[in-house]
Amino acid sequence: MDQDLKYTLNLPQTEFPMRADAVVREPKRLERWQTEGLYQKLQEKNKAGEAFILHDGPPFTSGEIHVGTALNKTLKDIVLRYKTMRGYRTPYVPGWDCHGLPIEYRVMVAMKKEEAQGPQAIRSACAAFSEKYIQLQRTQFERLGVLGEWEGAYRTMDPQYEGDILRTFAAFVEADLIYRSKKPVYWSIPCRTALAETEIEYRDTSSPSIYVAFPMQQDAFVVVWTTTPWTLVSNLAIALHPKAAYEWVHYQQKRYLVAHERVEAFVAACGWEGTHTSLAGLGALLEGDKALHPFLDRESPLVLADYITMDAGTGCVHTAPGHGPDDYQTGLRYGLEVYCPIDEQGCYLDDGKVPQAWVGASVLDTKTGANTLVINTLREKGCLLQQATLQHSYPHCWRSKTPLIFRATDQWFIGLGRYALRQKLLDAVKTVAWLPEWGAARMEGFLKSRPDWCISRQRLWGVPLPVFYDEHGAPYADAGVIRALAEKIAQKGSNFWFEANAQTLLEGIPLPPSWQGKLLTPGTDTLDVWMDSGSSHHAVLKRNKALAWPADLCFEGSDQHRGWFQSLLWTSVVTQGAAPYKKVITHGFIVAEDGKKISKSEGPSQTAASYITRYGADVLRLWIASEDYRDDIPLSENILNQVVGAYRSFRNTLRFQLGNLHDFDYERHAVKTFSPIDQWVLKKTDELIERVTESYELYQFHRAYQELNAFCVNTLSARYHDILKDRLYTLAPNDTLRRSSQTAMYRVLRTCMRLLAPILVFTTDEAFEFLTQSQKKAYESIHLQAWPQTKPSLYDTDVCAQLDSLIAFRSQVHEALEAARQSKRIGQSLDAQVTLAIGPDVLQETLGKCLVRHVDLLEELFIVSKVHLVLVPELGLAVQVDHASGVRCPRSWRWVEALVEAPGFGAVCKRCEAVLRS
RNA sequence: GGGCUCAUAGCUCAGCUGGUUAGAGCACGCGCUUGAUAAGCGCGGGGUCGGUGGUUCAAGUCCACCUGGGCCCA
C-alpha cells in the first residue's frame with residue numbers, strides 16, 4: 001500500500017552518481033576536453049576580451065612533479081579559469097627550466113665513464129633527460145586539470161630561447177655591468193674541475209690540527225688554529241669577532257692573543273702550565289692591529305667578522321680569501337686580494353711569493369706535500385705551538401672520492417651596484433603589487449644585501465657564457481658579437497658553441513678592432529641558470545604574439561623572491577628599464593600537520609601522482625583551494641579526509657538539486673514570481689555570489705571554499721532543501737509552489753556550479769552535463785559559461801528579512817523538538833505539533849510580527865504537522881511541543897484531523913487526495 | 001646568527017579601522033530518519049585566542065620581549 005503511494009511522489013531522479021569515481025571518470029573527461037580543444041575554445045570565446053597574462057614560472061625538468069609543484073600549478077589554473085569566466089582573454093603558456101646542475105649531475109651519476117666522453121655526449125644525454133621529464137610532467141599537469149598552451153610551451157633549452165638568453169647577456173655587457181674576478185670554489189684536484197654544493201660528499205678523514213702563533217710586537221702573538229696548514233701561504237688576515245672579549249695568555253715571558261671563551265681549551269691543548277691571563281679588549285677594538293706572517297715577508301692585519309664561533313679554535317681565525325667563502329667575503333669587505341697560488345693540479349705555483357723550494361708541492365700529498373713543508377717551517381720558526389691529528393667529516397669529490405679544496409678561480413660577475421642599478425631595482429619594486437604585501441619588503445631586503453651576481457659556471461649543461469680568450473688568457477666580450485652569436489645559437493642551438501671552434505663561431509661576424517689578429521679560443525663556462533629563467537619575460541612574453549609585456553601576474557612559491565622574481569627584475573630593468581610584472585603573488589610551502597617541514601627521507605613519497613591516484617584531481621584541487629596559501633600549507637591524511645568530506649557534501653548538494661529538477665524544463669516551467677522561501681534562497685544566493693566573487697578577486701580561494709561549504713551545508717542542506725522536500729515530493733508536479741522552488745533551485749544550482757567551476761573542474765563539468773541533458777540541450781562545458789551575476793529583481797528584500805527572522809527562530813523550535821524527541825514523545829519532526837505562546841512584548845518585535853504575518857508558512861518552515869499561535873498575557877515567547885493529534889497521512893506523513901479516501905490508493909490527507917485525483 | 005614571516009577550538013578557516021557571553025564547517029558524543037540512504041536532519045560537549053609584560057575605561061585585535069614553525073641567507 002505505502003509502496004504504491006511512494007510511486008505517486010515526485011522523488012529525486014538523476015543518473016549523476018553519488019560517488020565520484022574520480023580515478024576512472026576524470027581521465028575520460030580530460031580526454032574529451034583535449035579532443036574538443038577546450039583551451040582553444042576558451043581563447044576563441046574571449047578573443048576580444050581584455051587580456052590577463054599570467055607568466056608561468058618554469059619548473060625544473062629534474063623529476064616527477066612534487067605535490068608542491070601541483071599546488072603551484074593548480075593555484076595558477078584556478079586564477080586563470082576564474083578570469084576566463086569573467087571574460088578575460090587568458091592565454092597561458094607554461095614553461096620548463098631545462099638546464100642546470102641537478103640534471104647534469106643525475107645524468108653523470110647514471111652514465112658510465114666511457115660514455116661520458118666529451119661535452120656533446122653528456123649534453124645530449126641531459127637534453128634527453130629533460131625531454132623525458134617534460135613529457136611526464138606535462139601529462140601530470142594536464143591530469144590535474146591544468147589548462148594551457150601545452151603544445152606551445154616554452155623550454156629554456158629551445159634554440160630560440162637560448163638565443164634570447166644570450167641577448168639578455170649582451171645587454172648586460174653593453175651596459176658595462178660584467179666583470180671578471182677570482183672567487184673560491186670547491187675544486188676537485190683529480191677531476192680538475194669546480195664542483196657545486198650537491199656534488200659534495202662528506203666523508204670522515206684525518207687532518208693535521210695546528211695552533212700557529214703570528215708575531216705582533218715583541219714577545220706578543222696572535223694565535224690561530226687551522227686544519228689546512230697549506231693555506232697559510234695564502235693568509236692575508238686574521239679575523240676576530242667584534243663582540244667577543246679577547247685576552248692575552250701569558251706563558252714563559254710571552255703573551256698570546258686568544259678569545260676569552262677559548263683560553264681554557266687552548267691552554268689545555270698546548271699542555272701549558274703556569275699561565276695567567278690579562279684582558280686585551282673586545283675584538284672590535286683590535287681591528288686594524290697588525291700581525292706578521294710567520295714565514296713570509298708580509299703583514300696580516302686583524303679584521304672583524306661576525307661568523308666566528310667559539311666552539312673550536314682560538315676565536316682568531318686564519319683568513320685566506322682565495323681558500324674559503326667566508327674568508328672571501330671578509331676579503332671583499334677589507335679590499336684584500338683573492339690570492340690563490342695553487343694550480344689546477346693542487347700544487348703551489350711559482351708566483352714569486354711562494355718559497356721557491358715549495359713550487360710544485362701538492363696540497364693532497366700527505367707525506368712530503370704542502371702541509372708538511374708548512375708545518376716544518378713553522379716549527380723551525382718557533383711559531384708552531386701545538387700539532388695534533390683531527391678526525392672529522394670533510395667534503396670530498398663525489399666522483400674521485402678525494403678531499404676537496406677551496407681554490408680561487410676566474411669567474412664572471414654582474415656588478416649589481418654599478419650605475420645606480422640597485423636603486424633602479426628598488427624603484428621598480430615599488431611599481432609592483434606584492435601579495436602578501438610583505439613581499440615588497442622581502443624583495444627590498446634581498447636587493448640591498450645581495451652581493452654581485454656570479455654568473456659563470458664550470459658546467460656543460462647550460463647556455464654558453466659567450467666570451468673568448470686570447471693565448472694569454474685575456475677575455476674578450478662584446479655586445480655586438482654576442483648578439484650576432486645569439487642569432488646563430490637561436491638557429492642551431494647551443495650545441496653549436498660546444499662543437500665549433502672560434503673561427504667557425506665568429507664566421508661572418510664583424511669583430512671589434514681590438515679583437516683583430518688575436519688567436520681566440522671560446523670559453524668553456526656556462527651561464528648560471530637564473531640567467532635562463534630570468535630571460536623568460538623577453539623570450540616568452542615579448543616573443544609570443546598572443547602574450548604581452550609586462551605580465552599581469554606571476555604566482556610562485558615565496559622562495560622565488562630570492563630566485564626567479566629577482567632574476568626577472570634584474571634582467572628586465574637592465575633590458576627594458578622596468579619590472580616585467582604588475583603583480584606578484586607568493587604561496588608558502590607544504591608542511592606536515594604539526595607545522596614542520598616534510599622530511600624527504602622518511603614517510604611516503606610526496607609526488608603529485610601519489611595523491612591523484614588515491615584522491616583524484618578534484619579533491620586535491622579542493623584541498624589546495626581550502627588552504628590559506630600565504631602561510632605554510634599543512635598536508636596530512638587527516639586534512640585530506642576532511643576535504644573528501646567537503647567534496648562529498650558539494651557533490652551531494654549538486655546531486656540533490658539535479659534529482660529534483662528531473663521533470664523541470666526551464667523554458668516551459670519557470671515561474672516569474674517566487675514563493676517567500678524561494679525569494680529568501682535567491683537572496684542568499686546573491687549574497688554568496690558577492691562574497692565568493694570578492695574572494696576570487698582577492699585571490700583568497702580558501703574564503704570562497706569556506707563560503708561555498710557553509711552555503712551548501714547551512715543554507716541549502718539544513719534549511720532550504722530540508723524545508724522544500726515536502727512540497728517537491730508531495731505536491732502535484734505542476735503545482736505553482738513546486739515550480740517556484742524548482743525555478744529557484746535551477747538558478748541556485750547553476751550558480752553553485754559556476755562558482756565552484758574554477759576549483760572542482762571535473763565535478764562541475766560533469767554535473768553541468770547532466771543538467772544540460774535534462775534541459776535537452778547540447779553539451780557545452782561549464783568552463784565556457786559566464787560568471788554568475790546577482791539578480792535582486794527576483795526577490796523582495798523585506799520578505800527575505802522576515803524569512804530570515806523566522807528561520808533564525810527555527811533553532812528555538814528545534815531545541816523544543818529535540819527535548820520532545822529525547823523524552824520519546826515524538827520521533828521525526830512531522831510527528832509534532834507546535835504551540836507558540838506569544839506575549840505582548842514579543843508581538844511588538846519583528847519576530848512576533850513575522851510569526852503572525854506568515855502563520856501559514858510556519859508548518860512548512862518548521863517541518864511539523866501543525867503550528868498554533870496563541871496570544872498570552874505573559875511576557876516572552878514559549879515554544880511547546882506535543883505529539884500531533886489526528887491521523888498520519890501515509891503519503892505526506894503529516895498528521896491531519898481526518899483522512900479521505902483516494903480511489904485506488906486508500907485513505908490519505910485532503911491535500912494528497914487532490915493531488916492523486918489530478 | 002641575520003632578513004622576511006606565521007601562531008584563534010582535535011583539523012581547515014572567520015573575527016574590518018581595539019568595545020556586548022570569540023564564530024563557521026569538519027571531526028567527536030547523543031538522538032531522529034530510512035522518500036538525497038556508502039545519504040539527510042536535530043541537539044550537545046570542546047578554544048580565553050602560543051607565553052610573559054605593557055598601553056588603554058576596554059585587547060584575540062596595538063607595543064615590547066620570549067617560545068615554537070616556515071622561506072631565504074650566513
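Side-chain atoms are counted along with the backbone in the values below, which use heavy atoms only and exclude waters and symmetry mates. First the proteins, then the strands, lettered A, B, ... as listed; each starts at 1.
When the C1' atom is compared between B/U67 and B/U56, the two are found 26 Å apart, to the nearest whole Å. For B/A59 and B/G53, the P atoms lie 14 Å apart once the distance is rounded to whole Å. Rounded to the nearest Å, the gap between the C1' atom of B/A9 and that of B/G3 is 34 Å.
Here B/C72 presents its C1' atom at 13 Å from CG of A/Asp632, a figure rounded to the nearest Å. Atom pair A/Ile633:CD1 and B/G69:P shows a separation of 19 Å (rounding to whole Å applied).
Nearer to the 5' terminus of RNA chain B, by closest-nucleotide assignment, is the contact made by A/Leu11 (compared with the other of A/Gln560 and A/Leu11). Between A/Val591 and A/Phe656, the residue anchored closer to the 5' end of RNA chain B is A/Phe656, taking for each the nucleotide with the nearest heavy atom.
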Query raised in the report: Which letters describe nucleotides 40-46 of chain B, given B = protein heavy atom under 4.0 Å from base, S = only from sugar-phosphate, - = neither?
Result: SSBS---

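At the heavy-atom level, A/Gln329 lies nowhere under 4.0 Å from the strands shown. Residue A/Gly827 is classed as a sugar-phosphate contact, given heavy-atom separations below 4.0 Å to backbone atoms only. When heavy atoms are screened at a 4.0 angstrom cut-off, A/Asn641 is found touching no nucleic acid atom at all. Note on A/Gly595: only backbone sugar-phosphate atoms sit closer than 4.0 angstrom, heavy atoms only; bases stay farther off. Residue contacts shown for A/Arg19 include a base, since a base heavy atom lies under 4.0 Å away. Residue contacts for A/Arg891: at a heavy-atom cut-off of 4.0 Å it reaches a base atom on one of the strands shown. Among the protein residues, A/Asn714 comes within range of the sugar-phosphate backbone only, with heavy atoms under 4.0 Å from sugar or phosphate atoms but none that close to a base. Residue A/Gln642 is in base contact, counting any heavy-atom pair closer than 4.0 Å across all strands shown. Residue A/Pro634 is classed as a sugar-phosphate contact, given heavy-atom separations below 4.0 Å to backbone atoms only.
Candidate nucleotides B/C32, B/C11, B/A14 were compared by shortest atom distance to the side chain of A/Glu593, and B/C11 ranks first. Distances from the side chain of A/Tyr729 to the nucleotides B/A36, B/C11, B/U34 place B/A36 closest. The nucleotide whose nearest atom lies closest to any side-chain atom of A/Arg562 is, among B/C73, B/A14, B/U5, B/C73.
Not a single donor-acceptor pair under 3.5 Å links the side chain of A/Glu707 to the backbone N or O of A/Val692. Side-chain atoms of A/His561 come within 3.5 Å of backbone N or O of A/Ser558 as a donor-acceptor pair. Between the side chain of A/Tyr629 and the main chain of A/Thr586, no donor-acceptor pair closer than 3.5 Å is present.
Note: A/His260 and A/Tyr246 fail the aromatic proximity criterion, with ring centroids not under 6.0 Å apart.
Taking only side-chain nitrogens and oxygens, A/Lys824 never comes nearer than 4.0 Å to OP1 or OP2 of B/G31. For the pair A/Lys597 and B/C71, the criterion of a side-chain N or O lying under 4.0 Å from OP1 or OP2 is met.
When each of A/Asp678, A/Asp663, A/Asn10 is paired with A/Gln742, the side-chain hydrogen bond (donor to acceptor under 3.5 Å, both in side chains) condition holds for A/Asp663 and for no other.
In this structure B/G46 sits in the syn conformation; its chi angle is within 90° of 0.
The cationic atom of A/Arg655 (NZ for Lys, CZ for Arg) does not lie both less than 6.0 Å from the six-membered ring centre of A/Phe16 and within 45° of the ring axis. By the 6.0 Å and 45° rule, A/Arg442 does not stack over the aromatic ring of A/Phe446.
At a cut-off of 3.5 angstrom, counting only N and O atoms as typed in the model, there is a donor on one side and an acceptor on the other between the side-chain of A/Arg442 and the base of B/C71.
Remark: ring of A/Phe446 does not overlap the six-membered base ring of B/G3 in a stacked fashion, as centroids less than 5.5 Å apart with planes less than 30° apart are not both met.
For the residue pair A/Asp618/A/Thr763, the side-chain donor-acceptor check at 3.5 Å is satisfied.
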